[in-house]
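Just below is one structure, and these are the notes that go with it.
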Amino acid sequence: LIKQGQTYDRIRQHQRALTTFRSIQKIDAPKLLRKEFLIQSYEQIGLSHLRQRELAKARRIFQKGLDLLGTTPKDLLWKIKLENSLAAVDLRGGDIAKAQARYQKTIKLSEEKLSERERSIITNSELGEALLTSGKAKESIPLLIKELKSAETVHHVERMATRYYLLGEA
């Protein structure tokens with residue numbers, strides 16, 4: 001369902017995408033799996049709103065996902081991903097300093113608490129872009145290179161392309 005919703009979102013059928021993502025919330029499953037489905041649903045709904053520049057809606061949805069989290073290692077991974085999504089909202093809303101602080105916090109947390117493999121799952125940190133946007137091109141280059149290498153490791157083609165573009169801008 002996530003892939004189907006993402007496809008609808010990419011072809012700009014946003015209502016169909018949102019309906020598909022919301023249907024994930026209705027799947028009957030054991031408690032832990034249901035929680036995972038809810039968080040995935042909130043992440044995808046929030047990203048859809050973010051892509052449509054509906055920043056207040058995106059912020060509210062990402063926060064709903066964060067509110068479900070506890071203190072398990074899997075929850076920590078989701079916390080970092082959703083906090084990065086909130087930072088993306090901040091960045092697109094023009095609050096670059098808040099976005100930078102949030103990204104730096106999640107990077108530090110991931111380096112302290114997550115394995116290399118777990119860190120490779122997190123593909124939504126835009127600290128390099130936030131630094132570049134704030135006029136700190138020199139500081140952004142090492143981060144953008146690191147983000148590019150991380151994207152290459154997991155073959156995240158879209159992220160690789162954006163990092164190449166941002167490096168060209170820097």
Side-chain angles (χ1 to χ4, degrees), residues 2-3 5-12 14 17-18 20-22 24 38-69 74-111 113-114 118-137 139-154 156-170:
I2 287 174
K3 293 288 185 196
Q6 289 170 335
T7 300
Y8 286 139
D9 218 26
R10 287 181 194 272
I11 61 173
R12 305 214 190 301
H14 300 296
L18 292 173
T20 303
F21 296 140
R22 286 185 189 111
I24 296 168
L38 283 171
I39 295 166
Q40 287 179 6
S41 172
Y42 288 141
E43 178 192 37
Q44 293 303 316
I45 292 169
L47 290 172
S48 183
H49 287 304
L50 182 64
R51 283 189 282 277
Q52 295 175 66
R53 298 288 194 228
E54 296 172 338
L55 302 182
K57 287 181 182 179
R59 182 180 304 281
R60 188 178 74 250
I61 296 297
F62 291 137
Q63 189 59 56
K64 282 176 92 170
L66 281 169
D67 291 345
L68 292 174
L69 300 174
K74 190 163 197 163
D75 285 348
L76 178 61
L77 190 60
W78 273 114
K79 177 180 172 52
I80 291 169
K81 288 177 73 175
L82 291 170
E83 287 285 348
N84 281 347
S85 294
L86 283 172
V89 172
D90 295 333
L91 183 61
R92 283 154 185 80
D95 196 343
I96 297 165
K98 189 174 181 181
Q100 285 177 325
R102 198 182 297 260
Y103 284 131
Q104 287 168 335
K105 178 181 164 188
T106 61
I107 288 171
K108 183 178 184 215
L109 187 60
S110 71
E111 288 173 351
K113 304 281 184 179
L114 299 178
E118 290 169 321
R119 284 194 302 271
S120 72
I121 295 169
I122 301 167
T123 59
N124 67 335
S125 177
E126 297 175 344
L127 179 57
E129 182 177 354
L131 289 169
L132 182 60
T133 303
S134 68
K136 299 176 182 174
E139 290 177 53
S140 74
I141 292 172
L143 278 167
L144 289 169
I145 291 170
K146 184 177 177 182
E147 291 171 8
L148 173 61
K149 287 180 181 176
S150 174
E152 288 173 339
T153 302
V154 293
H156 195 295
V157 177
E158 185 177 338
R159 187 162 174 80
M160 289 165 45
T162 59
R163 294 308 167 258
Y164 278 118
Y165 172 80
L166 292 168
L167 281 164
E169 290 292 305

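Values reported hereafter were calculated over all heavy atoms of this structure, with side chains retained and with hydrogens, waters and symmetry mates removed. Note that the structure is a prediction, hence the values are computed from the model and not measured.
Inter-residue side-chain proximity for Ile141 and Leu131 is flagged as unmet; no heavy-atom pair is nearer than 4.5 Å. Taking the side chain as every heavy atom from C-beta outward, Leu47 and Glu43 approach each other to under 4.5 Å. Side-chain atoms of Asp75 and Leu68, non-hydrogen and from C-beta on, never get closer than 4.5 Å to each other. Contact annotation: the side chain of Ile39 never approaches that of Leu66 to less than 4.5 Å [non-hydrogen atoms, C-beta and beyond].
Considering Arg163, Arg92, Gln100 in turn, Arg92 is the only one that fulfils the side-chain hydrogen bond (donor to acceptor under 3.5 Å, both in side chains) rule with Glu126. Partner Leu167 forms a side-chain contact (heavy atoms from CB on, under 4.5 Å) with one of Leu132, Thr162, Leu148 and no other, that one being Leu148. For the side-chain contact (heavy atoms from CB on, under 4.5 Å) test with Ile80, the passing option among Leu82, Leu77, Asn84 is Asn84; the others fail.
Rounded to the nearest 0.5 angstrom, Arg12 CZ and Arg51 CZ are separated by 10.0 Å. The line from CD of Glu139 to OG of Ser134 is 7.5 Å long, rounded to the nearest 0.5 Å. Distance check, rounded to the nearest 0.5 Å: CD of Glu152 to NZ of Lys149 gives 8.0 Å. Distance check, rounded to the nearest 0.5 Å: CG of Leu166 to OG of Ser140 gives 8.0 Å. Taking NZ from Lys98 and CG from Leu86, the interatomic distance works out to 8.5 Å, rounded to the nearest 0.5 Å. Remark: Ile24 CD1 to Tyr42 OH distance equals 12.0 Å, nearest 0.5 Å.
Judged by distance alone, with hydrogens and angles left aside, the side-chain atoms of Glu147 form a donor-acceptor pair with the main-chain N or O of Gly128 at under 3.5 Å. Not one N or O on the side chain of Asp95 forms a donor-acceptor pair closer than 3.5 Å with the backbone of Asp90. Within the 3.5 Å criterion, the main-chain N or O of Phe21 finds a donor-acceptor partner in the side chain of Ser41.
At a threshold of 4.0 Å, the pair Glu158-Arg10 counts as salt-bridged, since one of the basic side-chain nitrogens sits closer than that to a carboxylate oxygen. Ion pairing between Glu111 and Lys146 holds under the 4.0 Å rule for side-chain N and carboxylate O.
A side-chain donor from one of Ser48 and Gln52 sits under 3.5 Å from a side-chain acceptor of the other.
A pairwise comparison of heavy atoms in Ala58 and Gly46 identifies CB-O, 3.5 Å as the closest pair. For the pair Ser125 and Arg159, the tightest heavy-atom approach, listed with the atom from each and the gap, is O-NH2, 2.6 Å. Here the closest heavy-atom approach between residue Met160 and residue Ala151 is recorded as CG-CB, 3.6 Å. Contact record, Leu50 with Ala88: CD2-CB, 3.8 Å, taken as the closest heavy-atom pair. Heavy atoms only, all atoms of each residue included: Ile61 and His49 are closest at CG1-CD2, 4.2 Å. When every heavy atom of Ala170 is checked against every heavy atom of Ala137, the shortest pair comes out as O-CB, 4.1 Å.
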- Task: Please step through side chain to side chain contact (heavy atoms under 4.5 Å, CB included) for the pair Leu114 and Ile122, ending with a clear verdict.
- Result: CA-CA 10 Å; Leu114 299 178; Ile122 301 167; 3.6 Å; yes

- Message: Set out, in order, the CA-CA distance, both residues' side-chain angles and the distance that settles salt bridge (Lys or Arg N to Asp or Glu O under 4.0 Å) for Glu83 and Lys105, then state yes or no.
- Response: CA-CA 9 Å; Glu83 287 285 348; Lys105 178 181 164 188; 5.1 Å; no

